[in-house]
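Throughout, a chain's letter reflects where its sequence line sits, starting with A, and its residues are numbered from 1.
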There are 2 protein chains.
Amino acid sequence: MATILEVAKVAGVSKATVSRVLSGNGYVSQEKREKVFEAIAATGFRPNLLARNLATKSSQTIGLVITNTLYTGSYFTELMQHSARLMEQQGRQLLLVDGKHSAEEERAAIQFLLDLRCDGVIIYPRFLTTDEMDNIIAQHNQPILVINRRLRQHDSYCIYSDQQRSSAEAVEQLIALGHRDIAFITGSLDSPTGRERLAGYKAALQKQGIAVDEGLIVAGKWQAQNGMAAVNALVAQGRNFTALVASNDDMAVGALKALAQHQIAVPAQVAVIGFDDIPLAPFTIPALSSVKMPVTEMIQETIERLIAMLDGGEMRNDKMFSGELIVRESMGPGPHNNL
Amino acid sequence: MATILEVAKVAGVSKATVSRVLSGNGYVSQEKREKVFEAIAATGFRPNLLARNLATKSSQTIGLVITNTLYTGSYFTELMQHSARLMEQQGRQLLLVDGKHSAEEERAAIQFLLDLRCDGVIIYPRFLTTDEMDNIIAQHNQPILVINRRLRQHDSYCIYSDQQRSSAEAVEQLIALGHRDIAFITGSLDSPTGRERLAGYKAALQKQGIAVDEGLIVAGKWQAQNGMAAVNALVAQGRNFTALVASNDDMAVGALKALAQHQIAVPAQVAVIGFDDIPLAPFTIPALSSVKMPVTEMIQETIERLIAMLDGGEMRNDKMFSGELIVRESMGPGPHNNL
DNA sequence: TTGTACGCGTTATCAG
DNA sequence: CTGATAACGCGTACAA
């Protein structure tokens with residue numbers, strides 16, 4: 001690999017001059033400038049970013065850490081698409097590294113990006129606790145922004161939506177329509193998101209004076225098959241419910257499938273809490289509603305805030321996003337489904 | 001950020017010694033070793049990978065370039081999952097950067113990774129031509145492996161499957177079952193994969209002496225909605241067909257949806273050519289078959305070969321993978337569907 | 001306008 | 001076993 005020094009020799013100038021035409025900083029005569037360009041072409045020179053970043057102490061690069069358990073579904077897709085596009089506009093490079101499947105590995109991934117001297121890193125955590133993240137942020141100079149968690153000590157470093165409220169609103173909609181026996185399929189309860197959505201469900205019921213029936217709550221792990229299993233379990237146990245809320249799109253789809261198999265006509269309302277519009281558009285089913293989580297807005301806010309920190313240094317306050325309930329068709333009360 | 005020099009001072013040794021305990025190379029007394037560890041902990045030292053990689057001329061890092069138009073569906077998921085897991089076993093870091101949406105940008109992404117001195121890079125191209133890739137590979141020292149393309153000049157640098165053959169086999173299956181009027185939904189024809197699958201369809205027909213009816217070929221762009229539109233078009237034009245092959249899973253799903261809407265009982269066989277098992281498991285529909293493309297095997301072969309090049313230097317020959325037809329249920333001939 | 005010389009943080013060579 | 005010291009490739013004050 002040709003270095004800047006070889007280019008300098010070929011062009012008959014000093015490395016400083018080459019460096020100047022490369023960076024555009026400083027004056028250099030037209031004549032030498034052309035010599036340099038020729039030499040660059042002749043040698044096939046490429047700048048060594050390691051050396052450059054080491055010298056400049058900056059890399060125009062931003063790291064992103066995502067657990068590979070999230071490499072699934074349209075949520076990840078949307079996240080990546082928008083991140084990439086926004087970074088492109090900013091003229092910076094986005095580097096994705098796998099957060100694997102444990103807190104330790106998520107931490108290592110962040111550390112790697114930091115050691116590589118990325119200007120900043122964004123993490124969509126799955127296993128790290130908020131306290132651990134608060135610590136990590138406190139220990140480093142580079143800004144580390146966190147999506148989908150609320151941190152206690154670093155308000156301006158986290159971007160999140162009110163998961164509990166979004167979940168509660170979906171349930172409240174159903175209650176307003178006259179439903180009282182509302183089943184709920186949880187997400188993984190080792191994830192804060194899963195817990196918050198469950199909490200929203202319970203809060204909505206209690207607020208309306210409806211007793212929480214633990215028998216109507218079935219544990220899931222975000223996968224479609226969990227949705228099917230949940231409905232099968234409810235049916236096997238002979239539970240009564242006229243509506244069902246699943247903690248994300250995938251499980252809702254599974255639930256719908258199972259409902260159909262059990263020949264349960266779907267006035268048994270189904271509210272889907274999840275990300276994005278349901279990814280199975282061609283199979284959209286009547287009576288399917290959804291809470292659209294603001295992925296797009298959050299990633300945009302995250303990147304904008306990060307850039308602001310890098311450029312300006314001035315920090316903005318936190319901001320909370322909220323999910324939006326998408327009603328696909330009238331969710332009228334319908335007949336009680338006695339299974 | 002504490003440097004190795006500060007650690008040395010705190011520990012009362014030279015930087016060379018610190019470097020030794022860090023790398024594990026060279027002898028160092030137990031006493032000093034402990035001093036160093038203490039100093040590291042005290043200063044919160046973290047190695048600067050830019051400096052390290054610059055000095056070592058190697059980073060245990062491999063870059064991966066994928067166009068963001070592929071950030072969708074289970075194919076990408078599987079690709080990322082496996083890549084990450086395999087790299088993890090190898091003790092190397094995987095860096096994903098966006099290939100965006102043009103040949104120029106794909107080239108830039110590769111260049112970036114190269115400039116960052118990744119040990120090697122893997123690209124899953126979408127817009128770059130094979131000739132361009134041959135050039136790129138020829139111009140660089142670091143190994144650049146290509147998935148899903150067959151290169152003319154660098155056999156050992158590409159891993160691919162025989163798309164045309166896989167496609168042809170699916171069609172041949174249908175022909176063997178007695179089908180003669182087989183519709184085909186193409187992928188984007190600006191992609192080699194799309195063209196090869198179409199070629200396979202035509203080849204299979206011709207081999208059996210069945211004339212290719214251009215009216216049964218409908219253009220799609222890999223998306224579910226294209227599958228729906230294609231079926232709608234076929235119906236609107238009053239085409240006769242007893243079987244349908246879609247160029248990937250997503251379009252097959254859309255096609256199935258449309259077939260259902262048109263009340264076409266599905267003895268109109270549907271063969272799906274696509275990647276992976278169909279991702280919509282809960283909605284699997286009778287008479288749906290699929291060609292499982294060997295993503296897993298290909299990415300594994302790619303990484304193994306790359307590692308071999310980096311470690312050994314000895315190069316292996318190319319190897320072609322083939323898709324495997326997954327028959328979900330008997331694809332018996334069924335009644336002719338006269339639309 | 002251009003060149004010299006030093007620094008960036010590590011590794012690696014070579015005396016001691 | 002340990003410590004100077006020279007790379008690694010590039011940016012940049014400083015001097016000319």
Side-chain angles (χ1 to χ4, degrees), chain A residues 1-37 39-40 43-61 111-119 140-142, chain B residues 1-37 39-40 43-61 111-119 140-142:
Chain A
M1 281 265 94
T3 75
I4 214 176
L5 184 58
E6 305 179 42
V7 174
K9 284 180 181 163
V10 173
V13 301
S14 73
K15 0 179 279 184
T17 301
V18 177
S19 182
R20 286 195 191 93
V21 346
L22 248 40
S23 67
N25 297 333
Y27 300 91
V28 46
S29 69
Q30 187 57 32
E31 178 194 18
K32 303 225 167 187
R33 182 185 306 276
E34 283 169 11
K35 288 278 190 193
V36 170
F37 279 133
I40 287 179
T43 57
F45 167 82
R46 281 263 94 206
N48 184 325
L49 292 188
L50 295 175
R52 172 178 294 177
N53 296 345
L54 179 60
T56 349
K57 292 174 176 299
S58 97
S59 63
Q60 301 302 303
T61 293
Q111 195 58 258
F112 173 74
L113 258 4
L114 256 22
D115 292 347
L116 245 190
R117 294 302 183 268
C118 281
D119 292 341
H140 298 274
N141 302 318
Q142 293 128 301
Chain B
M1 281 265 93
T3 75
I4 216 175
L5 185 57
E6 305 178 41
V7 174
K9 283 180 181 163
V10 173
V13 301
S14 71
K15 13 181 257 185
T17 301
V18 176
S19 182
R20 286 194 192 94
V21 346
L22 248 39
S23 66
N25 297 333
Y27 298 90
V28 46
S29 68
Q30 187 57 30
E31 179 193 18
K32 301 221 169 192
R33 181 185 306 275
E34 282 168 13
K35 286 280 189 194
V36 170
F37 279 133
I40 287 178
T43 55
F45 166 81
R46 281 264 92 206
N48 183 324
L49 293 187
L50 295 176
R52 172 177 293 176
N53 296 345
L54 179 60
T56 14
K57 292 174 176 301
S58 99
S59 58
Q60 297 293 302
T61 294
Q111 195 59 258
F112 172 73
L113 258 4
L114 256 21
D115 292 347
L116 245 189
R117 295 302 184 269
C118 281
D119 292 340
H140 298 274
N141 303 318
Q142 293 128 302

Which heavy atom of B:Leu22 sits nearest a heavy atom of B:Phe45, and at what distance?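 Minimum heavy-atom contact is CD2-CE2, 3.6 Å.
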
Between A:Lys15 and A:Ala8, what is the shortest heavy-atom contact and its length? N-CB, 3.7 Å

Could you check if a side-chain atom of B:Val36 sits within less than 4.5 angstrom of a side-chain atom of B:Ile40, using non-hydrogen atoms only?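 Yes; the side chains approach each other to less than 4.5 Å.
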
So A:His140 and A:Gln111, do their side chains get closer than 4.5 Å, heavy atoms only?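 A:Gln111 reaches A:His140 side chain to side chain.
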
Round to a whole Å and report the spacing from CG of B:Asp115 to C1' of D:dC10.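 Answer to the nearest Å: 13 Å.
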
Can you tell me how far apart CZ (A:Arg52) and OG (A:Ser19) are? Round to the nearest 0.5 Å. 8.0 Å

What does nucleotides 7-16 of chain C look like as a protein-contact string, B for base, S for sugar-phosphate only, - for none, at under 4.0 angstrom between heavy atoms? BBBBBB----

